[in-house]
Amino acid sequence: MKVLVIGAGNMGLTYAEGMAKSPYLNRRNLMIYDVSPEKTLELREIPNFDVYDKIDDCLPKADVVFIAVKPYHSEELFNSIKKHVNESQLFISLMAGITINTIQEGLGIKKVVRAMPNLPAKVGLGMTSFTESKEVSRIELIMVRNLLDTTGEAIHVQNENFINASTGISGSGPAYVFYFMQSMMEAALKMGFSQNDSKILVTQTFEGAVALFNDSDLSPNAWMDMVASKGGTTRAALDSMEDNNVKELIKEAAYAAFDRATELGK
């Protein structure tokens, strides 16, 4: 199996590096293509894959093709590569909002997997949801999961509506966490802590809380009850959040991302 990654931006390079470290591929079977001469020069310093600056030199060789370009470049890309594709190839799209049908029509192919990754894939802790066109076989789907798992965890979802929904949860979700972290760090600074100490206080708190949650079957609500005693400091903070409707605002934010992902697909 030969795999080609088209686009060496954040997600494309992340998946290329993840797959390069996996037992599924070796250097000879992993290719990456980018239109930028500067980027290809940088990539050639990385010994994990073969780098190409001409699409006709690599695309015809590929069995599996990752498309990792910005969504607004999709039409231009389809026009430039369509003559080099064949119906036996499997395409895995990492483009937000671009539907399976759009890819099929744009490239004149049938086997398409649409995936929604997120930024923690860069450190091997990514969350990717994926779904497929009906022409993708069960064996091919297992292979896709193995490739996607090289950057963290992957879950198969029933249809593209769940891809849009996962955009609102896991795709955009890291930004929500960073937003909360930034707010806590600003509060720590205002209380008099240094920039470095503020970062340590917040990051260690997040890491510890996630570790506790993952190490048990308790719900977030149960853990909150364990931390918050009646009339105590934590209860004061949680009561403030409830009074300010923070929970509902977070839900609304997730739905805003979901709605926008749906709009982009139309």
Side-chain angles (χ1 to χ4, degrees), residues 1-74 76-78 80-86 88-96 98 103 107 109 111-130 132 136 139-155 170-171 174 207:
M1 178 178 65
K2 292 184 76 69
V3 176
L4 169 64
V5 177
I6 296 178
N10 272 333
M11 279 299 113
L13 186 55
T14 292
Y15 270 93
E17 291 177 332
M19 289 186 287
K21 297 173 185 175
S22 77
Y24 303 110
L25 298 170
N26 57 45
R27 187 185 188 281
R28 292 173 301 169
N29 292 329
L30 182 57
M31 305 174 286
I32 190 166
Y33 162 81
D34 199 274
V35 294
S36 166
E38 294 81 7
K39 176 61 76 171
T40 53
L41 282 175
E42 291 177 20
L43 293 171
R44 289 195 170 103
E45 299 298 317
I46 305 173
N48 296 332
F49 33 71
D50 291 332
V51 180
Y52 291 84
D53 55 12
K54 294 181 179 178
I55 195 67
D56 53 334
D57 287 342
C58 54
L59 183 53
K61 303 176 185 177
D63 301 299
V64 178
V65 182
F66 279 78
I67 302 179
V69 303
K70 298 295 184 184
Y72 53 83
H73 288 315
S74 60
E76 178 185 356
L77 175 71
F78 294 161
S80 67
I81 72 173
K82 185 174 183 179
K83 62 183 176 182
H84 301 294
V85 308
N86 64 74
S88 68
Q89 292 172 315
L90 171 63
F91 284 79
I92 303 173
S93 170
L94 304 179
M95 298 182 292
I98 306 300
I103 298 166
L107 291 176
I109 45 92
K111 295 195 292 185
V112 177
V113 170
R114 183 179 167 193
M116 172 47 57
N118 68 4
L119 197 57
K122 292 177 68 65
V123 291
L125 293 171
M127 181 67 251
T128 303
S129 58
F130 66 100
E132 78 286 354
V136 178
I139 293 175
E140 287 172 325
L141 211 55
I142 293 171
M143 176 267 295
V144 168
R145 181 189 288 275
N146 288 335
L147 293 177
L148 295 178
D149 276 345
T150 61
T151 61
E153 295 284 342
I155 61 168
S170 59
E207 288 180 7

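Summarising the geometry, atom CG belonging to Asp57 is positioned 6.5 Å from atom NZ belonging to Lys61; distances are rounded to the nearest 0.5 Å. Atoms CZ and CG, on Phe66 and Leu30 in that order, are 9.0 Å from each other to the nearest 0.5 Å. From Met31, atom CE reaches atom CD1 of Ile6 across 9.5 Å, with rounding to the nearest 0.5 Å. The line from CE of Met19 to CG of Leu147 is 6.0 Å long, rounded to the nearest 0.5 Å. A distance of 8.5 Å separates CD in Glu38 from CD in Glu42, rounded to the nearest 0.5 Å.
Across all non-hydrogen atoms, the minimal contact from Gln89 to Val65 is NE2-CG2, 4.5 Å. In plain terms, the two heavy atoms of Val69 and Met95 that are nearest each other are O-CG, 3.2 Å. Scanning both residues, Ala8 and Leu13, for their nearest heavy atoms gives O-CB, 3.9 Å. Of all heavy-atom pairs between Leu4 and Ala62, the closest is CB-CB, 3.7 Å. Contact between Ala154 and Asp149 at its shortest, heavy atoms only, is N-OD1, 2.9 Å. In terms of heavy atoms, Gly12 sits closest to Ala68 at CA-CB, 3.5 Å.
Contact of the Met143 side chain with the Val64 side chain is registered, since non-hydrogen atoms from C-beta on lie closer than 4.5 Å. For the pair Tyr15/Leu148, a side-chain contact is recorded, criterion being any heavy-atom separation below 4.5 Å from C-beta on. Using a 4.5 Å cut-off on side-chain heavy atoms (C-beta onward), Met11 and Leu119 make contact.
Exactly one of Val112, Leu94, Leu107, Ile92 qualifies for a side chain to side chain contact (heavy atoms under 4.5 Å, CB included) with Ile67. That residue is Leu107.
Heavy-atom contacts from other residues, nucleotides or ligands closer than 6.0 Å to CD of Glu153 number 12 or fewer.
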